[in-house]
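Report on one structure; see the data block that follows.
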Amino acid sequence: QVQLVESGGGLVQAGDSLRLSCAVSGRTITQDSMGWFRQAPGKERAFVAAISWNAGSTYYADSVKGRFTISRDNAKNTVFLQMNSLKPEDTAVYYCARRGYGGRYDLSNQYDYWGQGTQVTVSS
């Protein structure tokens, strides 16, 4: 059984940083592209960032470009999201997912395994 477990969320102030982790068990992700999405209250789940299997390519939503960095450690079967210069509008539940299909990186329907999410709250 494939499981994705996010951690690292919390309550921070605007301008602070957080590093989210996504530990995967049940399969190796060495050949998998991975992504992060987020869902704010009352809003649809939105793409944040994605990374190719070998970290050769990364993709970001315009709203986080230059502030967030996605990375991975295949030896640890873990994906990370470094979030700097956090803003109140970054407040959301953040989800890690495995890209199981070959379509666009920013579409949630291209991902087949999802974690339970971790809450990030940024106060002003």
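- Side chain of Asn77 to main chain of Arg27: a donor-acceptor pair is present (N/O by atom type, distance under 3.5 Å, no hydrogens or angles).
- Two residues are said to be in side-chain contact when any heavy atoms from C-beta on lie closer than 4.5 Å; Val93 and Thr118 fail this criterion.
- For residues 21-124, the set of pairs meeting the disulfide bond (SG atoms under 2.5 Å apart) definition, not counting sequence neighbours, comprises Cys22-Cys96.
- Two residues are said to be in side-chain contact when any heavy atoms from C-beta on lie closer than 4.5 Å; Val122 and Glu89 fail this criterion.
- Residues passing the side chain to side chain donor-acceptor pair (under 3.5 Å) test with Thr28 are Thr30, sequence neighbours excluded.
- Annotation: disulfide bond (SG atoms under 2.5 Å apart) contacts involving residues 41-86, sequence neighbours excluded, are absent.
- Within the 4.5 Å cutoff, no side-chain heavy atoms of Leu4 are placed close to those of Tyr95.
- When the ring pair (Phe, Tyr, Trp, His ring centres under 6.0 Å) test is applied to Tyr59, the partners found at least two apart in sequence or on another chain are Tyr105.
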Run the side-chain donor-acceptor check on residues 40-57: report pairs under 3.5 Å with partners two or more places apart or on a different chain.
from  : atom 1 : to    : atom 2 : distance (Å)
Ser52 : OG     : Asn54 : OD1    : 3.1
Ser52 : OG     : Gly56 : N      : 3.1
Ser52 : OG     : Ser57 : N      : 2.9
Ser52 : OG     : Ser57 : O      : 3.3
Asn54 : OD1    : Gly56 : N      : 2.9

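- Side-chain contact between Val120 and Leu20: present, with at least one pair of heavy atoms (C-beta onward) separated by less than 4.5 Å.
- Side-chain contact between Asn109 and Tyr101: absent, with no pair of heavy atoms (C-beta onward) separated by less than 4.5 Å.
- Residues forming a side chain to side chain contact (heavy atoms under 4.5 Å, CB included) with Ser108 (at least two apart in sequence, or on another chain): Phe37, Trp114.
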For Thr91 and Gln119, run side-chain contact (heavy atoms from CB on, under 4.5 Å): C-alpha distance rounded to whole Å, both residues' side-chain angles, the deciding distance at 0.1 Å, then the answer.
CA-CA 8 Å; Thr91 295; Gln119 177 71 46; 4.0 Å; yes
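- Using modelled atom types, one side-chain atom of Glu6 and one backbone atom of Gly117 make a donor-acceptor pair closer than 3.5 Å.
- The closest side-chain heavy-atom distance from Ile29 to Val79 is below 4.5 Å.
- Note on Leu18 and Val64: same hydrophobic cluster, where clusters join Ile, Leu, Val, Met, Phe, Trp and Tyr whose side-chain heavy atoms are under 4.5 Å apart, directly or indirectly.
- Applying the side chain to side chain donor-acceptor pair (under 3.5 Å) criterion to Asp90, with sequence neighbours excluded, gives Arg38, Arg67.
- Using a 4.5 Å cut-off on side-chain heavy atoms (C-beta onward), Tyr113 and Asp32 make no contact.
- Within the 4.5 Å cutoff, the side chain of Arg72 has heavy atoms near those of the Met34 side chain.
- The two residues Lys76 and Thr78 come nearest to each other via the heavy atoms O-OG1, 2.8 Å.
- Residues near Leu11 contribute nothing to a hydrophobic cluster around it, because no ILVMFWY side-chain heavy atom sits closer than 4.5 Å to its side chain.
- Contacts of Gln1 classified as side chain to side chain contact (heavy atoms under 4.5 Å, CB included), with partners at least two apart in sequence or in another chain: Gln3.
- Nearest heavy atoms, Gly102 versus Gln110: N-OE1, 3.8 Å.
- The ring-ring contact (aromatic ring centres under 6.0 Å, His included) analysis of residues 65-94, with sequence neighbours excluded, yields no pairs.
- Think of Val5 as one node in a network of Ile, Leu, Val, Met, Phe, Trp and Tyr side chains linked at under 4.5 Å; it has no links at all.
- Nearest heavy atoms, Asn84 versus Ser17: OD1-OG, 2.9 Å.
- Residues forming a side chain to side chain donor-acceptor pair (under 3.5 Å) with Asp62 (at least two apart in sequence, or on another chain): Lys65.
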